[in-house]
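A short write-up of the structure that comes next.
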Amino acid sequence: RSISEELGDAADRVLATADNLAAVSRQPQPLRSFGTSQGATDCLLHGSWRLLFTTAADATFSKNSTRGAAKVCNVVDATRGTVTNCIDFTDNTAVESLRVRLDAKAESSQRLALAFRFVRIRLRKLFGYSLGS
């Protein structure tokens, strides 16, 4: 609710809808085989996911913010047990992209615990000088 009550209420509705959908899902174990050699075939989370909604303020980007507009997705490697947050800035900012690597472990059949590992930064400019095309 740090941005607005209206936005906080909308986020609560999205999360409640997700909980309601999970309750009637035909996939009771979406994280089956996560972090194993069968993860790529058995785990429904494996693959690339475009971020449409988040409650994480640090994962929210817009042209009106000081960080600039960006396209955000997550790449889940269910075999290795990792999640990579991919942030590609669309404005002409000094930073072109960020890749934030997280280790992930299934806490339950529907929930992952995440631990930060590292971040890779790709720059367009350094001290105001272009680093190439």
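Please read all numbers here as calculations on a predicted model, not as lab measurements. Heavy atoms only: backbone and side chains are in, while hydrogens, waters and symmetry mates are out.
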Nearest 0.5 Å, what's the CZ-CZ distance between Arg101 and Arg120?
6.5 Å

Please say which of Asn85, Thr84, Asp88 ends up in a side chain to side chain donor-acceptor pair (under 3.5 Å) with Arg99.
Asp88

Taking all atoms of both residues into account, what is the closest heavy-atom pair of Leu31 and Ala106, and its distance?
CD1-CB, 4.4 Å

Provide the closest heavy-atom pair for His46 versus Gly39 in the form atom of the first, atom of the second, distance.
CB-O, 3.9 Å

Nearest 0.5 Å, what's the OG-CD1 distance between Ser97 and Ile87?
9.0 Å

Residues Pro30 and Ser109: closest non-hydrogen pair is CD-O, 3.2 Å

Could you grab the distance from atom CD of Gln29 to atom CG of Leu44, nearest 0.5 Å is fine?
10.0 Å

Is there a path of hydrophobic side-chain contacts, each under 4.5 Å between heavy atoms of I, L, V, M, F, W or Y residues, that connects Leu126 with Leu98?
yes

How close do Val95 and Arg124 get, counting heavy atoms only, and between which atoms?
O-NH1, 3.3 Å

How far does CG of Asp42 sit from OG of Ser37, to the nearest 0.5 angstrom?
9.0 Å

So which heavy atom on Phe116 is nearest to which on Leu102, and how close?
CA-CD2, 3.6 Å

Return yes if some donor-acceptor pair links the side-chain N/O of Ser108 with the main-chain N/O of Arg111 below 3.5 Å, else return no.
yes

Rounded to the nearest 0.5 Å, how far does CG of Asp12 lie from CD of Glu5?
9.0 Å

Indicate yes or no: at least one non-hydrogen side-chain atom of Val83 is less than 4.5 angstrom from one of Val75.
no

Can you establish whether the number of heavy atoms outside Tyr129 located under 6.0 Å from its atom OH is more than 12?
no

Output yes when Arg117 and Asp103 qualify as a salt bridge under the 4.0 Å nitrogen-oxygen rule, no when they do not.
yes

Value rounded to 0.5 Å, distance of CG in Leu45 from CZ in Phe34:
6.5 Å

